[in-house]
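Only a predicted model underlies this, so the values are computations on that prediction, with no experimental measurement involved.
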Amino acid sequence: MIFNANYLRGAVKIRLSGPMPERFINLCIVEHILLWGITKTDEDLIAWIRLDDFFRIRPLVICSHIKVKVLTYRGLPFVIKRIKQRKMLLLGAILFFSLLYTLSSYIWFVEITGLKNIPEQEVRTIAEQYGLKAGAIKNNINSKAVEREIALQVPEVAWVGINFTGTRAVVEIVEKTMPKQEDKAPAHLVAGKDGVITEIIVLAGQAAVKNGDTVKKGDLLINGVFLEPAPSALEGQPPISNIPKELRARGIIKARIWYEGYAETELKQTTVTRTGNQHIAVAMKIGNSEVAFNELPEQLYPEYETEIIYKQLPLWRNREVVVESTITIYREINTEHKEKSFEEARNEAHAKALQAVQSSIPETAQIVSRNYEVLKTPAEDIVRVKVNVETIEDIGQTINIYQ
């Protein structure tokens, strides 16, 4: 409570020099003048005194034959005085927060999420027709009406919701699950990958390959066109030719597939991490004048990275005078140099190569074998690893006969 009262009323730190500074303290006690934080330095005394009491001690100083020197001061009165001396800073702060409040009442970004098959422009056009668009005032937007119109005009929408986050409006869409129509057009079954055939099960059509055959991507596996036996000709009539028939080829064609992956790791690695410490500098530019709201310390950080964010009023509200703010973020970073052993680098490269390969392997594939080898290279500070994976998987891919 004393600290808060002293801060509000203002406090001055003074040095008392003279033959009898103790007499001055006794006179202050008699006059009910509060001194605190009294310390002795050489032959002088250091003490804190309230600002209003400081202007009452002149008679006491003369009576005690001492000298008083102001060392420092603090408190709200001195802050107000500095602000009055820098009227442009106060005006800039008021203008900045006024602009910030005004801008926050508008919608500047409209984001649409959850779309898979519905065109985004279709939903955005309906929202704009009913007031939800960039530059609109949030209080003037009837979000329930916008949600209702989107649901009515777009049959594929199962649910729609609108949320406001700051100056951003998020339109969340949940699409209806439409039943897939089965394609019954005549088609062939072709190889989707290179491989060696291990199993053939024909459900419809005529097999064009056999076990052990090597096929390439696009080769015919099951033919969707075959000759249906014709009925027997009557006696004395010429034989009837077989009738070509088309159908949608179906079946299971499994093959051995080989995948190859590659990765490398450096033995000497440099990592940069953020410590979490940062300084933020804010400046506002109004026309040709620029006002800084805070100052950076002389010694910032030994290592740091910088991010600059520019914010400017839209042109339709800012035609004559350019008003923009610049936010500069200084983040402290720590750079570490680490040297790995050959085994660590090899294991890391092996893991990265295997991960790259597995991203190409279907979940339904059966993995037969995995192996890797370390490649010999002239570079001594890099470990290179190649991974080979063998699988057995269904490679059939349907292609319509008449595209």
Side-chain angles (χ1 to χ4, degrees), residues 89-181 274 276-294 305-331:
L89 176 63
L90 178 61
L91 179 62
I94 295 174
L95 180 60
F96 174 77
F97 288 108
S98 300
L99 292 173
L100 191 63
Y101 175 78
T102 303
L103 292 176
S104 63
S105 63
Y106 287 80
I107 291 295
W108 299 116
F109 305 98
V110 179
E111 180 181 349
I112 302 176
T113 61
L115 296 180
K116 296 180 181 178
N117 300 315
I118 302 174
E120 180 179 335
Q121 189 58 42
E122 181 180 356
V123 178
R124 191 176 296 275
T125 301
I126 298 172
E128 290 178 354
Q129 290 175 354
Y130 291 87
L132 181 57
K133 56 185 177 180
I137 301 176
K138 283 193 287 187
N139 293 336
N140 295 341
I141 299 173
N142 188 343
S143 58
K144 296 298 181 183
V146 179
E147 293 172 359
R148 182 177 61 253
E149 292 301 326
I150 293 175
L152 290 175
Q153 297 188 34
V154 185
E156 296 86 356
V157 172
W159 178 87
V160 58
I162 300 175
N163 298 315
F164 297 102
T165 305
T167 60
R168 187 166 60 102
V170 180
V171 182
E172 299 181 22
I173 302 289
V174 176
E175 296 185 3
K176 293 179 181 178
T177 302
M178 307 299 290
K180 294 183 179 179
Q181 296 182 353
R274 295 178 179 176
N277 299 326
Q278 66 179 24
H279 280 289
I280 301 177
V282 181
M284 173 169 284
K285 184 179 180 182
I286 306 174
N288 296 326
S289 302
E290 186 170 343
V291 180
F293 290 94
N294 54 354
E305 61 183 12
T306 305
E307 179 184 359
I308 301 177
I309 303 173
Y310 296 100
K311 293 187 177 181
Q312 185 176 1
L313 284 179
L315 295 177
W316 64 273
R317 295 181 56 87
N318 188 19
R319 294 181 179 177
E320 298 180 357
V321 181
V322 177
V323 179
E324 63 181 9
S325 62
T326 303
I327 303 174
T328 307
I329 305 175
Y330 300 89
R331 295 187 179 93

* To do: To the nearest 0.5 angstrom, please state how far the CD atom of Glu149 sits from the CD1 atom of Ile126.
  => 8.0 Å
* To do: I would like to know whether Tyr106 and Thr167 meet side chain to side chain contact (heavy atoms under 4.5 Å, CB included); could you show each step before the answer?
  => CA-CA 6 Å; Tyr106 287 80; Thr167 60; over 6 Å; no
* Where is the tightest heavy-atom contact between Lys116 and Glu175, given as atom of each residue plus distance? -> N-OE2, 2.7 Å
* Structure fact -> Heavy atoms of Ile329 and Gln278 approach each other most closely as CG2-OE1, 3.8 Å
* Indicate the atoms forming the closest heavy-atom contact of Lys176 with Val157, along with that distance. => CE-O, 3.5 Å
* Flag side-chain contact, heavy atom, 4.5 Å: Arg274 against Glu305 -> yes
* Verify the distance criterion only: is there a donor paired with an acceptor across the side chains of Gln121 and Thr125 at less than 3.5 Å? => yes
* State, yes or no, whether a side-chain contact exists between Leu132 and Val171 at a heavy-atom distance under 4.5 Å. => yes
* Give, for atom NZ of Lys138 and atom CD1 of Ile107, the distance between the pair rounded to the nearest 0.5 Å. => 5.5 Å
* Once you round to the nearest 0.5 Å, how far does CD1 of Ile173 lie from CD1 of Ile112? -> 7.0 Å
* Residue pair Ala136 / Gly131: nearest heavy atoms and the distance that separates them -> CB-O, 3.4 Å
* Exceeds 12 heavy-atom contacts within 6.0 angstrom, atom CZ of Phe164 -> yes
* Where Trp108 and Gly135 come nearest, the two heavy atoms and their spacing -> CZ3-CA, 3.9 Å
* Asked: What's the spacing between Glu147 CD and Leu152 CG if we round to 0.5 Å?
  -> 11.5 Å
* Structure fact -> d(Tyr330 OH, Asn277 CG) to nearest 0.5 Å is 16.0 Å
* Indicate the atoms forming the closest heavy-atom contact of Tyr130 with Val146, along with that distance. => O-CG2, 3.7 Å
* Asked: Within the side chain of Arg124, is there an N or O that forms a donor-acceptor pair under 3.5 Å with the backbone of Val110?
  -> yes
